[in-house]
Each structure stands twice: as C-alpha cells, then as structure tokens.
Amino acid sequence: MSHFDREGPAVITGFKASGGKRLSSPKKVVNRLISSLRAPVEHGFASLKTFRILAKVRMHPRHATALVRALVVLTHHQEYTHPSESETSP
C-alpha cells in the first residue's frame, strides 16, 4: 500500500505559471476554487493566533489537533451562517 492509498486529509496545491507562460483559464478557475476553500481555514487560524487561544495549551498533540480542527470548523460555521457578525467578532 502506498502513501497515496491512505484515507485522511490531503494537501492540494494550485497551479503556478512558469517559464513566462500564463495559466490557462481552467487552471485559473481551479486556483480560485482552491483559494475559496482555503480562505475560511486561514481565517480560523488567524482568529486562533489573534486571541492567543492556543498559547497555553498543554496536551498531547493528537488532542491539540482535534481541538484546532473543532475551532476551525466552528469559525467556518460562524462565517457562513452569520457573515455580518464574523467581521466584528471572532
């Protein structure tokens, strides 16, 4: 079994123009889609950093990972269910 057969999170990267060539329109669309999916997660991490929520967490990394995932999901939920409130509160 190769490491590509495992279930779980995957890292998806966008396309990058190279050699002075511009990206094709479909590749630009893919990059925008990836960016739209990444933005809420980055906003969640920004909230965690701004309020130093994880500064004094003392627990096993597995539990800390579960905590971070839960906080990012809650931030994402808040952003999409109450968009006007997410601009003024974490």
Side-chain angles (χ1 to χ4, degrees):
M1 178 165 100
S2 75
H3 63 280
F4 295 110
D5 296 331
R6 293 185 204 154
E7 291 185 24
V11 175
I12 301 171
T13 60
F15 294 99
K16 183 177 179 180
S18 63
K21 296 181 181 179
R22 294 184 178 195
L23 287 178
S24 66
S25 185
K27 288 182 178 181
K28 287 181 181 181
V29 169
V30 169
N31 281 353
R32 277 193 294 274
L33 177 62
I34 292 169
S35 177
S36 70
L37 296 172
R38 185 180 62 236
V41 175
E42 289 182 1
H43 292 157
F45 281 120
S47 294
L48 293 174
K49 288 179 181 181
T50 299
F51 295 102
R52 300 183 49 84
I53 292 170
L54 299 176
K56 295 186 179 183
V57 170
R58 303 286 185 252
M59 61 178 66
H60 190 278
R62 181 180 60 226
H63 300 299
T65 300
L67 175 63
V68 169
R69 285 181 179 167
L71 291 170
V72 168
V73 166
L74 291 172
T75 302
H76 177 77
H77 175 73
Q78 179 182 1
E79 186 172 319
Y80 285 96
T81 56
H82 306 289
S84 61
E85 291 178 21
S86 66
E87 294 173 2
T88 57
S89 65

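Reckoned from all heavy atoms, side chains included, excluding hydrogens, waters and symmetry mates.
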Participant: Under the salt bridge (Lys or Arg N to Asp or Glu O under 4.0 Å) rule, collect the residues that match up with Arg32, sequence neighbours excluded.
Facilitator: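 Partners of Arg32 by the salt bridge (Lys or Arg N to Asp or Glu O under 4.0 Å) criterion come out as none, since no residue qualifies.
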Participant: Give a yes or no on whether Leu37 atom CG has more than 12 heavy-atom contacts from other residues, nucleotides or ligands under 6.0 Å away.
Facilitator: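 For Leu37, atom CG is crowded (more than 12 foreign heavy atoms under 6.0 Å).
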Participant: Identify, with sequence neighbours excluded, every residue that meets side-chain contact (heavy atoms from CB on, under 4.5 Å) alongside Ser24.
Facilitator: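 In terms of side-chain contact (heavy atoms from CB on, under 4.5 Å), with neighbours along the sequence ignored, Ser24 is linked to Pro26, Lys27.
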Participant: Please report the closest heavy-atom contact between Ile12 and Ile34, naming both atoms and the distance.
Facilitator: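 That closest heavy-atom pairing would be CG2-CD1, 3.8 Å.
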Participant: Enumerate, atom names and distances included, each donor-acceptor pair closer than 3.5 Å involving a side-chain atom of residues 16-23, sequence neighbours excluded.
Facilitator:
none

Participant: Can you tell me which residue among Val73, Leu67, Thr65 is in a side chain to side chain contact (heavy atoms under 4.5 Å, CB included) with Arg69?
Facilitator: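 Between Arg69 and the candidates, side chain to side chain contact (heavy atoms under 4.5 Å, CB included) is satisfied uniquely by Thr65.
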Participant: Which pair of non-hydrogen atoms, one from Phe15 and one from Val30, has the smallest distance, and what is that distance?
Facilitator: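 Minimum heavy-atom separation between Phe15 and Val30: CE1-CG1, 3.7 Å.
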Participant: Short question: side chain of Ser35, backbone of Asn31 - any donor-acceptor pair under 3.5 Å?
Facilitator: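 Looks like no, no N/O pair under 3.5 Å.
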